[in-house]
Structures are given as C-alpha cells and as structure tokens.
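Have a look at the structure below before the remarks.
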Amino acid sequence: MTGHPPRRRRGRAAATAAPSQRKVDYHNLRNPFPPMAVFSDDQINAMHATALRTLQELGMRVLLPEAIEIYRKGGAKVVGDMVYIGRDMVDAAIASAPKSITGRAGARHRDITLELGTLLFQPGAGAPHATDLERGRRPGSASDYRDYTQLAHHFDVFQMMSPSVEPQDVPTHLRHYFTTEVQLTLTDKFPFVFSRGTPQVMDCFEMLRDFRGQSDDGFQAEPHCYTIINTNSPRTLDIPMAQGLIDFARMGQLSIVTPFTLMGAMAPITVAGAVTLSHAEALAAITLTQLTRPGAPVCYGTFTSNVDMKSGAPAFGTPTHFQASLAAGQMARLIGLPWRSAAGSASNLNDVQAANENQMGLWGCLMAGSTVVIHAAGWLEGGLSVSYEKIITDAEVLNMVAELCAGRAAGADEIGYDNALTHVDPSGHFFAAPQTMERYNTEFYEPIVHDYANFGTWTERGAQDANTRATAVWKDILAQDARPAVDGDRLEALQSFIAKRTAAGGAPPES
C-alpha cells in the first residue's frame, strides 16, 4: 500500500495525466533532525534531581492497594496511600527498563521499533465526539470507530493504531470486545488496548494471543499491543492506571506512561516546573512496571502544555507546548528510554488555527526527538473530537515529514552532469532531459489533498477548498474498504469467544 489514495482528476488535465508509478514506504522512519534543547544540561540535571527529591520527600498518592504493596516490597516507604520512592529504586528501574522495544504487529512488515531516534505517528485518540463536514459533530459511534480504523490503516505514515473515538453506542461492558475485534479484522498494525480493569485487559490479551496464533509464553515474550497510562496530576496514580501498569508489565505488553500536565492548572505554571512534575510522575509509574517485572517494556512519556489563563481551557500548539516537548526530550535522553509526546489542537473546527496548532506541536515533537507522536492527526477541541477531514489534511503534513526522513541521494545520476546538464543549452529547459524523463513520475512527493493547479484550472475544477477536497479523499478511502486478509478459523474462534463472554455478562470497566 502506498501512502496516498488514488486521486480523481477532473478538467482538461484528466485526459493526459499518467497514472502514478511512485511507491513509498513510511513504516520504518528515523528522525532526521538533530534534537534541540530548551534548557542547559545543568538545568536538566537539576530538574531530574528535583523530581527524585519530590518522589522521596513528597511522595506519590497511590490508590491501588496491590500497587502500594509492590512499592513497599521494593523498598518504598508507605504511609497510608502515600508512597515515598527512593532514588535507588528509580535508578534500578531505569537500568532494567529496555532501551529498545520491538512491537509485534499482525504482519511482520508492520512490526515497530521504539528507541531513541525512531519515529512513529498515530492519529488523534480518546475523543468522545466525531465530526465531518457532511454529518457534523456527534457522539462517537461504532461506525466512526470502524471508519477511523480504516483511515489509519490506509496511510503508511500511521504505524500504530489509536483508540480514536469512544464508540458510545456500544455498552461499556462489551466495548473492549468490539474495539479489539475491529483492530484485528480491519488492520494488521500494532494495536491499542485500554487499561480499564484486569478483566477487560485479560479478555483483550486472550483475543490477541489466539488471533495471532501465539502460545502464552510467546505472547508474553514480546509486546503485541500497548496501552496509555495517564497519571492524575499532581502526584496521583489511580486504581485503573496502576492496575494497568501491573497487568501490562506482568504479561510483557507495552505501557506508554504519560502524565497529562497543563501548566497553571494541574502543574506549575512554568515549563521547568511542569516538566519536573511530569518527570517525577513518569518515573514513579516506570518504577512500578519494573518492580512488577524487571525488563517489562515501557515508554517514557509526557503531554505538557498550558491552559488559557482567561478561560482555564487547555491550549495546544503554543510556544510553551513546544518548549515543554523539547524539555521532555532532554529528560528522555538523560534516562535513555524511548518516549512519546503529542501534537494536537484546541481549535473547534479544521481551520487555519487547527493547522497552525497541530504543526507547531508536531514540530516541537520532531525537534525534541520524540519516538512516538500521539494525536498527530485529526484532533480538535483539545481532544473532545476527531475530524475526518483533519485526519486527511494532517496526514498530508506527516507524509511530507516522512519524505524528509528518507533524505536525498547525491550520486552521479542525481547530480546529473551526463543525463541532464549536458543535454540543455543556456536559456533552455529540463522538461525533456533524460534525467527528467526517467524520474518525472516518481521524483516528487504527490499530495493527498493539496492542489497545486493554477487559479484557472482550480476554478474549472470547482474552486474547492482543502476541507472539501479532504471529504472526497476520506470517502474514497472508505469506499475502497481495503483490509488485510484474515484467517477464517481464527476469525470464527474470535467471534465465538466474544459471543460466549457477552452471554456471560462481559466485563464492566473498573474505576
């Protein structure tokens, strides 16, 4: 599959346009940009030391008794639900956490590597609402979840699946069956599992294990899925999140630890203060995974931005969001772990504000050296909705970034003395040069939704703006209904499992 859907051409150009021969592979990207720093090494070391002091002297509030006991046995001081974690415990956890992680997808060419320097994208996640130009804003549904899964599967530049929207028309005690089945049947990319209590998590693990044809030992040997763990800032680890860390660590599956800290609200108002708090919380969660199972796969993470001090609403793609990503990257490099950051937008529709905010946040992630960029496409309203059109317009930018990751060759054929320069006289043109004729159909990035036509041609084609063109693109992708081949026996077994568990009452989420 390429990174681009077929484009329906209209107007006079349609008759002469040659079909594209360009192939792309955006599966295994490495960040080509040297990481930027917002603080000096001394300042970063001071922030790290303060985070360790915070854990040891101020502690973390932990609401799950099992997690408290794991911390206690690991050497932490416990007073009620307050856990005080010493530096030696954190150092040991950092030492045992893997620095490179291979995530096993449904197809081997979809496997992912998470380490400092690799680069993975996933679309916006966790939104209660979906929106598009034709149907408007609405509560997320099973249909929306399927659509978003197929859109994410279509684009190579999304290497990991996201939970996209909540399918609110599916009961909560059955929702994990639906989301897992959709991911297993509509895509073969690395899947996501919510941490909403042990019963749901174990159901999902069993479905994944059997559908992938794994033994218990094979499943636990390598991560076949991941979850996102959000701390409750400031300094609280709640029951489902603590349980998720334990469940995923025990079963050898990947946790991406992500304190969600908004400067001026649940975190200090300064970038240095907010990142220090986020760092402390992430280290506490990482320590729990390693106390549970040394070597358990875990990613460091942060999602730190500021609030609008006039309204209290979250803001994204701001200068402080950018700076916080840079600081988080410095922290991740200090401890040597793969890490995630996030883009996103607070705009209420897919307009220039949305584009500006998402790109500002995205470039903060890229310049910070983020391993995984979450909410890289489609996110609106600070995560309250995911837009069909914005997934398309953001994927355009991500594809361009992926093109930059490939770099450029500069051998004799590319320099072109013999196949270009010697063929064109002064004041001539290179349209007919051998180099051009060999490469005209493959050399340049082909846009998904951007229109490079002049004003006259654009007007002839209907004078459509990018949002309108994006609507046609996502509708075309869904109409193609492309999906991976599925083993019939495993599908039957999966559906039988779901039917049996549904008849038994499913698994209500734990809170």
Side-chain angles (χ1 to χ4, degrees), residues 37-64 67-97 99 229-238 241-242 245 255 257-292 294 298-306 320 323-337 339-341 368:
V38 66
F39 297 118
S40 69
D41 290 346
D42 287 345
Q43 290 170 323
I44 287 294
N45 286 325
M47 292 162 63
H48 178 65
T50 303
L52 295 173
R53 181 184 180 188
T54 298
L55 292 178
Q56 183 163 316
E57 297 182 9
L58 302 181
M60 282 284 291
R61 187 182 183 210
V62 180
L63 302 184
L64 179 69
I68 293 173
E69 189 58 27
I70 291 172
Y71 278 121
R72 187 200 308 273
K73 289 181 178 178
K77 174 184 173 182
V78 175
V79 180
D81 61 8
M82 292 301 299
V83 175
Y84 301 88
I85 305 168
R87 176 169 187 154
D88 57 338
M89 295 175 62
V90 176
D91 288 343
I94 293 172
S96 67
K99 307 307 183 285
I229 299 294
N230 297 124
T231 55
N232 284 354
S233 303
R235 292 186 298 117
T236 302
L237 190 57
D238 67 21
M241 294 293 96
L245 288 167
S255 294
V257 176
T258 311
F260 181 32
T261 46
L262 291 173
M263 292 174 250
M266 68 273 278
I269 200 169
T270 62
V271 171
V275 171
T276 298
L277 174 64
S278 174
H279 187 60
E281 293 176 1
L283 292 177
I286 290 168
T287 299
L288 180 57
T289 68
Q290 300 308 299
L291 290 173
T292 300
V298 63
C299 263
Y300 178 86
T302 182
F303 193 5
T304 300
S305 190
N306 59 284
T320 43
Q323 291 170 332
S325 294
L326 297 183
Q330 292 181 264
M331 289 296 194
R333 292 190 293 278
L334 180 70
I335 63 176
L337 294 185
W339 71 289
R340 69 140 275 186
S341 195

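In this structure, Ile70 and Leu288 have side chains that are in contact, with non-hydrogen atoms separated by less than 4.5 Å. The side-chain heavy atoms of Asn232 and Arg61, taken from C-beta on, include no pair separated by under 4.5 Å. Side chains of Leu291 and Lys73 form no contact here, defined as non-hydrogen atoms less than 4.5 Å apart. A heavy-atom distance below 4.5 Å is not found between the side chains of Leu64 and Leu237.
In the displayed structure, Lys99 atom NZ is contacted under 6.0 Å by more than 12 heavy atoms of other residues, nucleotides or ligands.
Under the salt bridge (charged side-chain N to carboxylate O under 4.0 Å, His left out) criterion, Arg87 pairs with Asp91, not counting sequence neighbours. Partners of Ser96 under the side chain to side chain donor-acceptor pair (under 3.5 Å) rule, at least two apart in sequence or in another chain, are Gln290. With sequence neighbours left out, the side chain to side chain donor-acceptor pair (under 3.5 Å) criterion links Ser305 to no other residue. With sequence neighbours left out, the ring-ring contact (aromatic ring centres under 6.0 Å, His included) criterion links Phe39 to no other residue. The side chain to side chain contact (heavy atoms under 4.5 Å, CB included) test applied to Asp88 returns no partner, not counting sequence neighbours. Applying the side chain to side chain donor-acceptor pair (under 3.5 Å) criterion to Arg72, with sequence neighbours excluded, gives Glu69. Take Ala46 and apply the side chain to side chain contact (heavy atoms under 4.5 Å, CB included) test, not counting sequence neighbours, and it matches no residue. Asn230 meets the side chain to side chain donor-acceptor pair (under 3.5 Å) test with no other residue; sequence neighbours excluded. For Asn45, the side chain to side chain contact (heavy atoms under 4.5 Å, CB included) test picks out Leu334, with sequence neighbours left out.
Note that the CD1 atom of Ile229 and the SG atom of Cys299 stand 12.5 Å from one another [nearest 0.5 Å].
Of all the heavy atoms in Trp339 and Ala368, the pair that sits closest is CZ2-O, 3.4 Å. When every heavy atom of Phe303 is checked against every heavy atom of Phe260, the shortest pair comes out as O-CD1, 3.3 Å. Between Ala327 and Ile44, the closest heavy-atom pair is O-CD1, 4.1 Å. Taking every heavy atom of both residues into account, Ile335 and Ile94 meet most closely at O-CG2, 3.5 Å. The two residues Gln330 and Ser40 come nearest to each other via the heavy atoms NE2-O, 4.4 Å.
Applying the ring-ring contact (aromatic ring centres under 6.0 Å, His included) test to pairs two or more places apart or on separate chains, none has a residue in residues 69-95. Within the structure, salt bridge (charged side-chain N to carboxylate O under 4.0 Å, His left out) pairs that include any residue of residues 43-53 comprise Arg53-Glu57 (at least two apart or interchain).
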Cut-off 3.5 Å, no hydrogens considered: what does the side-chain donor-acceptor table look like for residues 266-286, sequence neighbours left out?
{"residue": "Thr270", "atom": "OG1", "partner": "Gly273", "partner atom": "N", "Å": "3.0"}
{"residue": "Thr276", "atom": "OG1", "partner": "Ala272", "partner atom": "O", "Å": "2.7"}
{"residue": "Ser278", "atom": "OG", "partner": "Thr302", "partner atom": "OG1", "Å": "3.2"}
{"residue": "His279", "atom": "ND1", "partner": "Tyr300", "partner atom": "OH", "Å": "2.8"}
{"residue": "His279", "atom": "NE2", "partner": "His48", "partner atom": "ND1", "Å": "2.8"}
{"residue": "Glu281", "atom": "OE1", "partner": "Thr231", "partner atom": "OG1", "Å": "2.7"}
{"residue": "Glu281", "atom": "OE1", "partner": "Ser233", "partner atom": "OG", "Å": "2.6"}
{"residue": "Glu281", "atom": "OE2", "partner": "Ser233", "partner atom": "OG", "Å": "3.3"}
{"residue": "Glu281", "atom": "OE2", "partner": "Arg235", "partner atom": "N", "Å": "2.7"}

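Side-chain N/O atoms of Thr289 and Ser255 include no donor and acceptor closer than 3.5 Å.
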